[in-house]
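To keep things clear, I will list the structure first and then write my remarks on it.
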Amino acid sequence: MQILILAILLLAVPVSVGSLAVCADAEDTGGTAGLLFRWVSGQLILWAGLQFICVPLILAGRRFGDAVMLFSVYTAVMFLLALVSEVRRRAKKKTFPPTAVTAGGGKDRAAALLWLGAAVLLVLQLVLACVLAYEEGDDAYYVAVAAVTEKSDTMYAVLPYTGGSTGIDMRHGLAPFPVWVAYLSRLSGMRAVTVAHVALPVVLITMSYGIYYLIGRRLFVDDKRKQAFFLLLVEVLILFGGYSLYTPENFLLVRTAQGKAVLANIVLPFLLWLLLTVTEKIQADEKIHVCLWLLMASAVIAGCLCSTQGAFLLCMLLAAAGSCTALCYRKWRLLLPLLGCCILPVCMILLYYLL
Amino acid sequence: MNNAFVTFQKYMGTGLITVWFLVAVIFLLVWEKRRPRRILFVYVPVIVLLCFFNPLFAGLFGRMGDEATYFRVFWLLPVTAVISYSAVLSVDRLKGKRAVFFAVLCLGLIAVSGKPVYSNSLYSRAENIYHVPDSVVEICDAIEVPGREVMAAFPPEMILYVRQYSPVVCMPYGREVLMGSYDEFYTLMREKEIDLERLVPLSREKGCHYVVFGKDSLILGEPADYGWSLFYSCEGYDVWRDNAVPLIVPEGH
């Protein structure tokens with residue numbers, strides 16, 4: 001039953017909510033890519049909402065139960081909105097265009113072998129995430145925060161290392177990713193430690209590769225063989241990313257359920273995919289749908305949920321990519337929506353300095 | 001600036017993957033003509049690297065967080081995507097067996113240049129679905145009391161796991177002692193020979209209901225003389241209850 005609830009919260013609900021973002025990428029709404037796009041987008045929309053809900057509640061010293069209630073209402077509202085938009089889209093018969101038959105697809109044995117290799121490596125990593133434990137010092141903080149939050153019904157008011165009470169830890173409270181872990185634990189009934197060490201690695205590692213699959217699809221349109229080889233290379237790079245303790249690859253496999261790992265391996269790669277989509281639309285002189293900007297804003301806000309430094313890093317990435325694009329294409333108006341995406345991160349940075 | 005180079009060296013590790021990344025960026029600078037890809041895979045990484053080594057930027061980042069996390073700026077470099085993309089483009093320029101050979105070479109070079117994440121010695125086979133040692137689970141389950149928290153002192157190897165598993169088990173010292181923070185109680189707890197005469201007053205001062213020792217620890221003094229009784233025993237550990245510290249179970253539990 002606990003696994004079923006987690007499957008609903010981590011898979012079914014985000015996929016459904018992701019329907020709201022389909023207008024951001026009308027070309028990629030069908031098949032595996034469409035499903036992955038909805039899943040990632042939906043999760044980012046939910047995380048962005050959690051950040052909006054949680055930070056004020058934490059700063060006001062409110063109880064975790066209030067956050068659970070408000071986030072559940074938010075999720076339900078998003079779910080219903082997504083349902084309505086999906087029904088309307090289907091009524092207009094514009095959904096699920098048949099996936100294009102691709103040059104490298106069909107009976108391409110090489111592509112099939114490469115996909116098989118990528119799938120085997122993915123399964124291997126998921127199995128290892130379940131059967132291997134890692135002695136990770138920071139988990140003593142983040143997982144304990146989630147466990148304490150769920151049990152004590154407080155947010156950042158208890159010292160996670162020892163259990164003593166303290167004033168609200170506002171600085172950590174600005175990036176309350178562990179509250180999401182506590183939320184999953186509360187709703188599923190599964191201990192926060194199991195959610196963080198077993199359930200989330202399986203889901204988040206898959207999601208990260210899903211994003212790289214989307215990037216591969218964007219880079220090698222209609223060439224399954226290249227897409228598969230791209231994903232295989234990504235997997236090998238991640239598997240052999242233990243050359244330093246600081247790489248995103250190491251964070252993905254070792255500290256999967258920590259917010260900073262999610263920032264490095266889900267939010268930033270997805271932002272790369274979004275920026276690639278935006279720049280290619282500019283190149284093709286296509287109109288950029290407002291949904292794409294809203295999704296980018298959601299990704300940025302989700303990054304703030306993951307890490308307090310996420311706000312700074314995301315603003316830096318948007319500034320670098322935005323100014324380069326604006327300069328290359330002489331489209332200065334592009335900077336306006338990007339600035340809009342940075343409003344909340346800038347507020348978080350100011351709050352960080354003030355608190 | 002010097003700190004930036006030190007951080008860069010630490011982040012590079014063996015360095016070869018970073019070399020492949022720089023080679024890939026140069027390859028794309030020369031061969032990639034599509035502007036969207038040049039922007040994201042060439043220009044943005046160059047800007048990020050220039051910022052990283054800029055002392056003014058480093059100072060600004062330092063005010064946002066501690067210097068120990070400066071390496072996170074490197075997360076803005078799409079290393080994985082750039083190397084993979086360049087490798088696929090390179091293979092695509094070749095035909096037949098040469099393409100296959102180069103593809104295998106790329107995979108091999110990555111494997112040789114990097115280091116398997118799972119080769120880290122801190123990995124071990126998970127003992128349960130919580131991914132914490134069985135002994136921690138057993139002891140926490142044994143000492144938990146319905147409706148209230150308990151205070152217990154644990155040996156160093158258990159400190160990281162206790163409160164991940166059970167948030168109702170409090171500890172007189174936490175992870176900070178493993179990171180070098182001095183605590184007299186902890187210092188006594190990690191000694192091979194545990195002198196109860198020195199330990200018990202500190203334990204009571206912290207309000208410890210329980211104290212956990214490894215079975216291989218040598219206890220100096222008779223626990224019963226200090227009001228301690230053996231509460232629970234599991235593989236490798238003994239849990240002592242200090243009867244002088246009251247443990248009242250709230251009504252209704």
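Numbered from 1 within each chain, the chains take letters A, B, ... in sequence-line order. Not measured: the values here are computed from a predicted model.
- The residue among Pro167(B), Gly174(B), Ala81(B) with the most heavy atom pairs within less than 4.5 Å of chain A is Pro167(B).
- For the pair Gly242(A) and Val117(B), the tightest heavy-atom approach, listed with the atom from each and the gap, is N-CG2, 3.4 Å.
- Ser307(A) touches chain B through its side chain: at least one heavy atom from C-beta onward sits under 4.5 Å away, while N, CA, C and O do not.
- Interface residue Ile17(B): only side-chain heavy atoms are found under 4.5 Å from chain A.
- For the pair Leu122(B)/Val254(A), no side-chain contact is recorded, criterion being any heavy-atom separation below 4.5 Å from C-beta on.
- Between Tyr134(A) and Tyr123(B), the ring center distance clears the sub-6.0 Å criterion.
- In this structure, the side chain of Ser244(A) does not engage the main chain of Gly13(B) through any donor-acceptor pair within 3.5 Å.
- Using a 4.5 Å cut-off between heavy atoms, Leu237(A) contacts chain B through both its backbone and its side chain.
- There is no contact between Met151(B) and chain A, counting heavy-atom distances below 4.5 Å.
- Ile129(B) places none of its side-chain heavy atoms less than 4.5 Å from the side chain of Met190(A).
- Rounded to the nearest 0.5 angstrom, Leu89(B) CG and Lys226(A) NZ are separated by 7.5 Å.
- A heavy-atom distance below 4.5 Å is not found between the side chains of Thr194(A) and Tyr165(B).
- Only the side chain of Pro78(B) comes within contact range of chain A, with heavy atoms under 4.5 Å apart.
- Between Asp139(A) and Leu160(B) there is no side-chain heavy-atom pair separated by less than 4.5 Å.
- Taking every heavy atom of both residues into account, Leu233(A) and Ala87(B) meet most closely at CD1-CB, 3.6 Å.
- Pairing each heavy atom of Tyr329(A) with each of Pro36(B), the nearest pair is OH-CD, 3.3 Å.
- Side-chain contact between Cys328(A) and Tyr43(B) is present, with heavy atoms from C-beta onward closer than 4.5 Å.
- No donor-acceptor distance shorter than 3.5 angstrom exists from the side chain of Trp75(B) to the backbone of Leu268(A), with no hydrogens or angles considered.
- Among the candidates Leu16(B), Asp92(B), Val48(B), the residue making the largest number of heavy-atom pairs closer than 4.5 Å to chain A is Asp92(B).
- Looking at Val132(B), only its side chain comes within 4.5 Å of chain A, counting heavy atoms on both sides.
- At a 4.5 Å heavy-atom cutoff, the contact between Tyr173(B) and chain A is made by backbone atoms alone.
- Proximity to chain A (any heavy atom under 4.5 Å) is restricted, for Val91(B), to the side chain, taken from C-beta onward.
- By the 4.5 Å heavy-atom criterion applied to side chains, Asp138(A) and Arg175(B) are counted as neighbours.
- Interface remark: Tyr212(A) contributes side-chain atoms only to the contact with chain B (heavy atom separation under 4.5 Å).
- When heavy atoms are compared at a cutoff of 4.5 Å, Ala129(A) approaches chain B solely by way of its backbone atoms N, CA, C and O.
- At a threshold of 4.5 Å between non-hydrogen side-chain atoms, the residues Arg72(B) and Tyr246(A) do not count as touching.
- Residues Glu176(B) and Thr162(A) form a side-chain contact, since some pair of their non-hydrogen atoms from C-beta on lies under 4.5 Å apart.
- Proximity to chain A is limited to the side chain of Ile39(B), based on heavy atoms less than 4.5 angstrom apart.
- Contacts of Ala192(A) with chain B are absent, with no heavy-atom separation under 4.5 Å from either backbone or side chain.
- Ser124(B) and Glu135(A) share no side-chain donor-acceptor pair at under 3.5 Å.
- Listed for the Arg35(B) side chain is no donor-acceptor partner under 3.5 Å among the backbone atoms of Gln283(A).
- At a 4.5 Å heavy-atom cutoff, the contact between Ile47(B) and chain A is made by side-chain atoms alone.
- With a 4.5 Å cut-off on non-hydrogen atoms, Gln125(A) touches chain B through its backbone and its side chain both.
- The part of Val198(A) that comes within reach of chain B is its side chain, from C-beta onward, which places non-hydrogen atoms under 4.5 angstrom from that chain.
- Judged by distance alone, with hydrogens and angles left aside, the side-chain atoms of His131(B) form a donor-acceptor pair with the main-chain N or O of Cys130(A) at under 3.5 Å.
- Classified by interplanar angle (parallel below 30°, tilted 30° to 60°, perpendicular above 60°), the ring pair Phe220(A)/Tyr85(B) is tilted.
- Cation-pi check for Arg191(A) over Tyr130(B) is met; the charged atom lies under 6.0 angstrom from the ring centroid and within 45 degrees of its normal.
- Glu280(A) and Arg37(B) are joined by a salt bridge, as a carboxylate oxygen and a charged side-chain nitrogen come within less than 4.0 angstrom of each other.
- Between Gly114(B) and Tyr243(A), the closest heavy-atom pair is CA-CD2, 4.2 Å.
- For Val168(B), the part lying under 4.5 angstrom from a heavy atom of chain A is the side chain only.
- When heavy atoms are compared at a cutoff of 4.5 Å, Val158(A) approaches chain B solely by way of its side chain, counted from C-beta outward.
- A tilted orientation is assigned to the rings of Phe71(B) and Phe251(A), their planes being inclined by 30° to 60°.
- In this structure, chain A has a heavy atom under 4.5 Å from the side chain of Phe57(B), while its backbone stays farther away.
- Counting heavy-atom pairs closer than 4.5 Å to chain A, the top residue among Thr80(B), Leu107(B), Val44(B) is Thr80(B).
- With a 4.5 Å cut-off on non-hydrogen atoms, Leu231(A) does not touch chain B at all.
- Looking only at distances, a side-chain donor or acceptor of Arg163(B) sits under 3.5 Å from a matching main-chain atom of Pro160(A).
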